[in-house]
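Note sheet for the following structure.
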There are 2 protein chains.
Amino acid sequence: MATRTDAPTRREQILKEAARLFAERGFHGVGVDEIGAAVGISGPGLYRHFAGKDAMLAELLVGISGQLLTGAKRRLQEADGVASEAVLDSLIEGHIDFALDDRPLITLHDRELDRLRDSDRKLVRQLQRQYVELWVEVLREVYPGLAEPAARSAVHSVFGLLNSTPHLGRPGSLPGRGATAQLLHRMARGAFAAAGTQ
Amino acid sequence: MATRTDAPTRREQILKEAARLFAERGFHGVGVDEIGAAVGISGPGLYRHFAGKDAMLAELLVGISGQLLTGAKRRLQEADGVASEAVLDSLIEGHIDFALDDRPLITLHDRELDRLRDSDRKLVRQLQRQYVELWVEVLREVYPGLAEPAARSAVHSVFGLLNSTPHLGRPGSLPGRGATAQLLHRMARGAFAAAGTQ
DNA sequence: CAGGGAGGTTAGCGGTCGTTAACCTGAAGG
DNA sequence: CCTTCAGGTTAACGACCGCTAACCTCCCTG
């Protein structure tokens with residue numbers, strides 16, 4: 001884990017605030033002036049850092065999809081030779097960490113995809129598909145009887161389950177991050193088990 | 001089941017098309033001219049049927065929440081004296097039917113709530129909360145060991161699982177409606193079981 | 001110390017969008 | 001047969017929004 005200690009760049013500040021605002025009010029519901037104000041500059045000032053409002057969304061969505069995929073690939077590589085069950089657990093854990101720590105991004109991820117330029121959307125879709133296929137492979141190792149279409153549906157459904165964290169109330173009304181993560185993990189495994197047996 | 005056989009009113013046509021468009025491109029991403037064109041009239045023509053664009057969204061969201069709650073109450077009443085397990089199954093079945101048959105509405109339901117006027121949003125939230133509480137009660141009858149906060153989290157998560165249907169590809173690439181419904185049902189039960197035991 | 005680029009500012013343009021105004025039309029009712 | 005009204009139409013207004021233009025001000029560097 002290469003933890004960042006240096007201060008975030010202006011670009012990163014902007015992306016973070018833009019993600020929050022987009023998640024709260026939707027891409028079209030947020031003006032560039034608001035995004036600028038959130039980082040203490042005027043709206044047009046943003047154009048020193050991004051080609052346009054679309055470019056911010058694109059960078060966010062490509063970034064999320066890429067991060068998820070990269071993280072999953074790393075987990076798979078690290079767990080070479082390990083039991084499939086443990087790999088599946090590792091994938092679930094990674095996704096939960098992401099869902100709990102980057103709620104706005106998780107929200108955007110499946111909500112504003114259609115607002116992207118064609119080329120960006122295709123890229124994001126491709127990354128997402130790879131991520132799903134990776135899960136499907138591991139899942140079918142754990143449950144060999146599971147047909148591929150059913151496995152894909154099961155993976156999408158568990159993503160829906162894990163990505164429900166934004167609906168779980170503000171962080172604080174929850175029983176605590178650890179307990180929530182454990183609950184989600186158990187439920188995901190339970191859902192997969194129910195999909196894979198019978 | 002009081003199946004409608006008469007032709008849909010103009011209002012209903014508009015609501016249906018508006019729901020589809022809002023789900024596809026977001027509330028702010030759709031213009032009134034487009035909604036009008038979808039039912040064969042001009043944009044301003046809509047104002048003979050609705051006070052404004054906001055009013056369409058409000059009616060959609062209030063309608064969804066009300067329908068879900070009403071359906072759930074009916075199911076609970078019909079199943080008086082029946083085992084809690086069967087009641088839970090009935091709730092799940094009802095929610096799945098809704099998610100599979102009214103995908104655009106399911107999408108809107110948790111996506112565009114913040115675009116509502118304060119009073120409408122409060123109403124929708126109240127209906128949603130009642131719906132959740134109803135599930136929580138039944139769930140805790142089936143799994144008495146489950147604490148209330150955990151039960152609420154579990155219910156929200158299972159909603160996320162069931163509401164993932166829009167991500168499962170167009171209806172046709174699926175293994176068939178019946179099979180999909182069964183898979184979702186099994187996974188929901190599996191997730192609840194995992195939440196409720198240990 | 002000159003100069004140049006990075007990173008701001010404000011003013012304003014062009015387009016879009018929700019909404020209103022004014023007008024039209026066909027069918028129903030007395 | 002005249003009236004009324006539900007349900008349309010087009011034109012246009014005002015607001016907002018993304019983006020560009022033009023300008024300013026540090027700070028770094030040769």
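Quick note on labels: first sequence line is chain A, next is B, and so on, each numbered from 1. This structure is a prediction, so every number in the text was calculated from the model and none was measured.
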> At under 4.0 Å, does any side-chain N or O of B:R10 touch on OP1 or OP2 of D:dA6?
Replying inline: no

> Can a side chain N or O of B:H49 be found less than 4.0 Å away from OP1 or OP2 on D:dG8?
Replying inline: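 Answer is yes, contact under 4.0 Å.
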
> With A:F22, which residues qualify under ring-ring contact (aromatic ring centres under 6.0 Å, His included), at least two apart?
Replying inline: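 Once residues adjacent in sequence are excluded, the partners of A:F22 under the ring-ring contact (aromatic ring centres under 6.0 Å, His included) criterion are A:F27.
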
For atom [atom1] of [X] and atom [atom2] of [N], their distance in whole Å:
{"X": "A:I35", "N": "D:dC16", "atom1": "CD1", "atom2": "C1'", "result": "15 Å"}
{"X": "A:L46", "N": "D:dT20", "atom1": "CG", "atom2": "P", "result": "13 Å"}
{"X": "A:I14", "N": "C:dG7", "atom1": "CD1", "atom2": "C1'", "result": "10 Å"}
{"X": "A:R115", "N": "D:dC17", "atom1": "CZ", "atom2": "C1'", "result": "17 Å"}

>> So, taking the atom named CG in B:D102 and the one named NE2 in B:H109, what distance separates them when rounded to the nearest 0.5 Å?
In response: 11.5 Å

> Hey, is A:R129 close enough to A:E133 for a salt bridge, meaning N to O under 4.0 Å?
Replying inline: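 No, A:R129 and A:E133 are not salt-bridged.
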
>> If the threshold is 4.0 Å, N to carboxylate O, is there a salt bridge linking A:R177 and A:D97?
In response: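 Between A:D97 and A:R177 there is a salt bridge, with a charged N closer than 4.0 Å to a carboxylate O.
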
> So, do B:F159 and B:H95 have ring centers that fall under 6.0 Å from each other?
Replying inline: yes

>> With side chain to side chain donor-acceptor pair (under 3.5 Å) as the rule and sequence neighbours excluded, what pairs involving residues 181-192 of chain A come up?
In response: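 Sorted result for residues 181-192 of chain A: A:E85-A:R189, A:D89-A:H185, A:D89-A:R189.
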
> Just by protein heavy atoms under 4.0 Å, how would nucleotides 13-29 of chain C read 5' to 3' in B, S and -?
Replying inline: -----SBB-BB------

